[in-house]
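Take this structure first; my questions come after.
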2 protein chains.
Amino acid sequence: MITKKELSLCPVETTVSLISNKWKTLILRELLSGTKRFGELRNGISGVSQKVLTQNLRSMEDDGIIGRKVYAEVPPRVEYFLTDLGNTLRPIIDAMAEWGLGYQAMVNNSNETNVASR
Amino acid sequence: MITKKELSLCPVETTVSLISNKWKTLILRELLSGTKRFGELRNGISGVSQKVLTQNLRSMEDDGIIGRKVYAEVPPRVEYFLTDLGNTLRPIIDAMAEWGLGYQAMVNNSNETNVASR
DNA sequence: CAGTATCCAGAGCGATACTG
DNA sequence: CAGTATCGCTCTGGATACTG
């Protein structure tokens, strides 16, 4: 559910309190391309343990950013997806992706003179 | 300076590796409005300790996001500011601020059933 | 398959004291 | 004022084992 304590903070702090975590951002990146199963998320996010992935998924579910659908099957199948609220975070992730591309390009070019383009 | 290991990661991971931290985002928010002294940052960012603030400032300085200018005065004065690179992060912080505003408004509306009569 | 439960090492942080 | 150094403690997070 949605907690109220964030409301006392500034907008940036509100956002930071929900997605500041490294893994949450990467989970968002994964889910922006569509619904994913638990195993797909674990495989898609390099370096995350099952425990930490589960913890973050639960936290994001509690915050209303992602949804979780459990299929009553054997073997079990659980799908995660962005809620409408989660989808509104897309511009932030897009901005981060775009910046990351620019940064990577800059680092590649900065081997000689990184003050050339100003 | 700029490390190269981030280049092996996807763009989002690159960005996350530099500003995923809660405090770094808030430091950016502070510095987006201009140069700040150490004490101003400490006062402006609620809940951060001197040690953690220093650690994050050093890390961001190493990443080339912020600059640090020491005045040879007594008492000492140290100013922090965004580098050109740091300034390019502005769209991300702006996106987070905008999202935070929308989220706060949404939470307020979702609670109106409870606070209908006031 | 997708978890939960438990244990444990280590990072991270606060508090404190000291320095240029 | 703006740090650095050190000491404990907390609490995250990895590894492992077990379950619906």
Side-chain angles (χ1 to χ4, degrees), chain A residues 3 5 9 13 16-31 34-63 65-83 86, chain B residues 3 5-6 9 13 16-28 30-31 34-63 65-83 86:
Chain A
T3 57
K5 58 174 183 285
L9 308 172
E13 267 187 272
V16 161
S17 68
L18 294 180
I19 63 163
S20 66
N21 178 300
K22 168 186 178 180
W23 301 120
K24 289 185 181 179
T25 310
L26 297 178
I27 291 170
L28 283 175
R29 181 199 60 187
E30 292 294 312
L31 293 183
T35 294
K36 292 265 166 59
R37 295 185 60 171
F38 183 84
E40 290 178 299
L41 291 175
R42 191 184 43 209
N43 294 332
I45 302 174
S46 154
V48 71
S49 70
Q50 183 184 38
K51 178 183 175 178
V52 172
L53 178 56
T54 300
Q55 284 175 346
N56 281 287
L57 287 171
R58 291 289 172 280
S59 171
M60 294 169 77
E61 194 185 351
D62 289 344
D63 291 334
I65 293 173
I66 65 173
R68 177 172 178 262
K69 180 173 173 76
V70 181
Y71 293 85
E73 300 175 353
V74 175
R77 182 157 58 110
V78 180
E79 288 182 349
Y80 293 92
F81 52 91
L82 291 182
T83 60
Chain B
T3 58
K5 59 173 183 283
E6 289 90 358
L9 308 172
E13 268 187 90
V16 161
S17 69
L18 295 180
I19 63 163
S20 66
N21 178 299
K22 169 185 178 180
W23 301 120
K24 289 184 182 178
T25 311
L26 297 179
I27 291 170
L28 283 175
E30 292 295 312
L31 293 183
T35 294
K36 292 263 166 62
R37 296 185 60 172
F38 182 85
E40 291 178 299
L41 291 175
R42 191 183 46 211
N43 293 332
I45 302 174
S46 154
V48 71
S49 70
Q50 183 184 38
K51 178 183 177 180
V52 172
L53 179 57
T54 299
Q55 283 174 346
N56 281 287
L57 288 170
R58 291 290 172 282
S59 171
M60 294 169 78
E61 193 186 351
D62 290 343
D63 291 333
I65 293 173
I66 66 173
R68 178 171 177 264
K69 180 170 172 82
V70 181
Y71 293 84
E73 301 175 354
V74 175
R77 181 157 59 109
V78 179
E79 288 182 349
Y80 293 91
F81 52 91
L82 292 180
T83 60

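Excluded from the calculations below are hydrogen atoms, water molecules and symmetry mates; all remaining heavy atoms, backbone and side chain alike, are included. Just so it is clear: chains get the letters A, B, ... in the order the sequence lines come, proteins before strands, and each one is counted from 1.
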Integer-rounded Å distance: D/dT4 C1' and B/Arg58 CZ: 10 Å
Residues within residues 36-47 of chain A bordering DNA chain C, heavy-atom distance below 4.0 Å: A/Arg37, A/Phe38, A/Gly39
Interatomic distance, B/Lys24 NZ vs C/dC13 P [rounded to whole Å]: 11 Å
Rounded distance [0.5 Å steps], CG in B/Asn21 versus CG in B/Asn56: 4.5 Å
Nearest atoms (heavy-atom pairs only) where B/Phe81 meets B/Arg68: CE2-N, 3.7 Å
A/Leu26 vs A/Leu41 side-chain heavy atoms within contact, under 4.5 Å: no
Side chain B/Ser59, main chain B/Gln55, donor-acceptor under 3.5 Å: no
Residue-level proximity of residues 48-56 of chain B to DNA chain D when a heavy atom falls under 4.0 Å: B/Gln50, B/Lys51, B/Thr54
Any B/Thr54 side-chain heavy atom under 4.5 Å of B/Arg58 side chain: yes
Derivation and outcome, side chain to side chain contact (heavy atoms under 4.5 Å, CB included), residues A/Ile65 and A/Leu31: CA-CA 11 Å; A/Ile65 293 173; A/Leu31 293 183; over 6 Å; no
Spatial distance of atom NZ (B/Lys69) from atom CZ (B/Arg77) [nearest 0.5 Å]: 9.0 Å
Taking every non-hydrogen atom, the tightest pair across A/Leu18 and A/Lys24: O-CD, 3.2 Å
A/Arg68 side-chain N/O to C/dG3 phosphate OP1/OP2 under 4.0 Å: yes
Least distance between heavy atoms, B/Val48 atom then B/Ile45 atom: CG1-O, 3.3 Å
Distance, nearest 0.5 Å, that separates CG of B/Asp62 from CG of B/Leu57: 11.0 Å
side-chain hydrogen bond (donor to acceptor under 3.5 Å, both in side chains) contacts touching residues 35-45 of chain A (sequence neighbours left out): A/Ser33-A/Lys36
Contact residues, residues 70-81 of chain B to DNA chain C [heavy atom, < 4.0 Å]: B/Pro76
Helix axis bend for the helix from C/dC1-D/dG20 to C/dG20-D/dC1 - C1'-based end axes, five pairs, 10° rounding: 50°
Working for side chain to side chain contact (heavy atoms under 4.5 Å, CB included), residues B/Asp63 and B/Met60: CA-CA 5 Å; B/Asp63 291 333; B/Met60 294 169 78; 5.5 Å; no
For atom NZ of A/Lys22 and atom C1' of D/dG13, their distance in whole Å: 12 Å
Non-neighbouring partners of A/Ser49 that pass side chain to side chain donor-acceptor pair (under 3.5 Å), sequence neighbours left out: none
